[in-house]
Amino acid sequence: MWTLLSSSSDFVGESLIRFGESTGLAGFFSAMGWGNIVMIGIAFFLLYLAIRHKFEPLLLLTIAFGMLLTNLPGANLYHTELFAGGHVHWDIFVSKAGLLDYLYLGVKLGIYPCLIFLGVGAMTDFGPLIANPKSFLLGAAAQIGIFVTFLGAYAIGFSPEQSGSIGIIGGADGPTAIYLTSMLAPELLGPIAVAAYSYMALVPVIQPPIMRLLTNKHERAIRMRTLRPVSKTERILFPIIISVVIALLLPSAMPLVGCLMLGNLMKECGVVDRLSKTVQNELMNIVVIFLGLTVGATATAEAFLNFRTLGILVLGVIAFCLGTAGGVLLAKFMNLFSKEENKINPLIGSAGVSAVPMAARVSQIEGQRENPGNYLLMHAMGPNVAGVVGSAVAAGILLSFLG
C-alpha cells in the first residue's frame with residue numbers, strides 16, 4: 001500500500017514538474033532574451049497603430065499578431081531553421097513544423113501575393129487608365145524610386161538580392177514587396193513587409209510636402225478635361241492584351257500581372273459574377289489573414305533587431321519619396337510639350353505609386369486646396385492603377401536579373 005502511494009506521489013510530482021517546465025512562464029525565464037521582449041513590445045505598438053489609428057489595419061493587425069506569436073516563449077508555431085538559407089528543409093519539416101510553418105509555405109512558394117493580386121484585379125477599375133493612356137508613363141516614372149534605391153542599397157553593402165527587395169518598397173505595394181522578398185531575400189521579409197505597409201499607411205503624411213515642393217500654385221490649380229467614356233469592349237480587351245504583352249516581354253512578371261488581369265477580366269466580362277465576388281471578398285479575406293500572420297512570424301528578434309533593419313527603414317522611405325517625385329516631375333516635363341487645354345496637373349503624377357486608392361485621394365485633396373472646383377480623383381486613378389502594373393513589372397525585372 002505504501003509502495004503504491006509512494007509511486008503515485010512520484011508520478012504526480014514528476015508530472016507537475018514536466019507541466020511547469022512546459023509552460024510559457026518557464027520559457028519566459030529560461031529561454032526568453034531581451035530581443036524577444038523588445039519584439040513583443042513592437043508587436044503591441046503595431047497593434048495599437050492598426051486598431052487605434054487604423055494604419056493599414058487589414059494587414060498590419062495580422063502582421064503584428066504574427067510577430068507576437070513567434071516571439072512568445074514555447075509557442076513553437078514558427079521555426080526559422082526550417083527555411084534556413086532560403087530553402088525549405090523538407091527532410092525535417094514534418095517532424096518539427098508548427099502551424100505557422102505550414103501557413104508560411106504559401107508565402108515561400110509565392111501563392112498568397114498572387115491570390116491577393118487576383119482579388120485586387122477584381123476590385124480595380126482600369127477605365128481611367130484606358131481613357132488616358134499617358135497615365136502609363138506616370139505610373140512607370142513613379143517606379144524610378146525602386147531602381148535608384150536598389151543601386152543605393154547595393155552601394156552601401158547589401159547584396160544584389162537584398163538590394164532588389166529593399167528597392168521594391170518604393171512601389172508602395174505590399175503584396176509585390178512580399179512576393180519579391182520571399183523569392184530573393186527571405187531573411188528580410190519581416191522588416192520589409194512592416195516597412196512597406198507602414199509607408200503605405202503614411203501616404204497622406206509623406207507625399208504632400210514633396211508634391212508642394214516640386215510644384216507651384218499655378219500647376220497645382222490646373223483643371224483637366226473630363227475623361228472620355230470607356231466602352232465595355234475596351235474594358236474586356238484590356239486585361240487580355242496586357243497579359244499577352246507582358247508574357248511576351250517579361251515572363252517573370254506574369255504570376256502577379258496574370259492574376260491581376262484575370263481578376264479584372266472576371267469583373268469586367270459580367271458572366272462570372274459569383275467568381276468575381278468570391279475573389280473580392282471571401283478568398284481575399286482568407287489570404288490576407290494567412291499572409292499577415294506568416295509574414296509577422298518571420299519578424300524574430302534575430303532577423304529584426306539589427307542595424308540592417310534600420311537601413312531598410314531609411315532606404316524604404318527614400319524609395320517611396322523618389323517614386324512620388326518621379327511621377328510629379330514627369331508630369332511637369334510632359335506639360336512642356338502639351339497644349340494649354342491638354343496640360344496635366346502634376347499632382348496626379350504622385351499617384352503613380354501603387355497605394356490604391358489612397359495616393360489618388362491625396363492628389364485630389366491637394367488639388368482642391370489650390371482650386372476648390374478641381375476634381376482630380378478619376379484622373380489620378382489612371383496613374384494609380386498603372387502603378388500597380390508598374391510595380392509588378394519592376395518586380396519581374398528584378399527577379400529576371402537576380403532570381
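Side-chain atoms are counted along with the backbone in the values below, which use heavy atoms only and exclude waters and symmetry mates. Nothing fancy with the numbering, it's 1 onward along the sequence. The shown structure was predicted, so the numbers you read here are calculated from the model rather than taken from an experiment.
Using a 4.0 Å cut-off between a side-chain N of Lys or Arg and a carboxylate O of Asp or Glu, Glu370 and Arg212 do not qualify as a salt bridge. We find that Lys343 and Glu219 are not joined by a salt bridge, their nearest charged nitrogen and carboxylate oxygen being 4.0 Å or further apart.
Atom CE of Met378 sits about 11.0 Å away from atom CG of Asn384, to the nearest 0.5 Å. Atoms NZ and CG, from Lys108 and Leu189 in turn, are 9.0 Å apart once rounded to the nearest 0.5 Å. A distance of 11.5 Å separates CD1 in Ile241 from CD1 in Ile236, rounded to the nearest 0.5 Å. Here OG1 of Thr294 is found 8.0 Å from CD1 of Ile178. Values are rounded to the nearest 0.5 Å. Separation of atoms OG1 (Thr62) and CE (Met67) is listed at 10.5 Å; rounding is to 0.5 Å. Within the model, atoms CD of Gln364 and CD1 of Ile348 stand 11.5 Å from one another, a figure rounded to the nearest 0.5 Å.
When ring centroids are compared, Phe93 and Tyr102 come within the 6.0 Å threshold.
Of the possible polar contacts, one joining the Asp101 side chain to the Gly98 backbone as a donor-acceptor pair under 3.5 Å is found. When atom types are taken as modelled, the side chain of Ser400 and the backbone of Ile397 share a donor-acceptor pair closer than 3.5 angstrom.
The aromatic rings of Phe337 and Phe333 stand perpendicular to each other, their planes meeting at an angle above 60°, with 30° marking the opposite boundary. Using bins of under 30°, 30° to 60° and over 60° for the plane-to-plane angle, the ring pair Phe83/Tyr78 lands in the parallel bin.
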Item checked: Test log, rule salt bridge (charged side-chain N to carboxylate O under 4.0 Å, His left out), inputs Lys96 and Glu81 -> CA-CA 10 Å; Lys96 299 191 67 173; Glu81 61 269 22; 3.1 Å; yes
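For the residue pair Arg225/Asn342, the side-chain donor-acceptor check at 3.5 Å is satisfied. Looking only at atom types and distance, the side chain of Glu161 has no donor-acceptor partner in the side chain of Ser165 under 3.5 Å away.
Two residues are said to be in side-chain contact when any heavy atoms from C-beta on lie closer than 4.5 Å; Thr324 and Ile206 fail this criterion.
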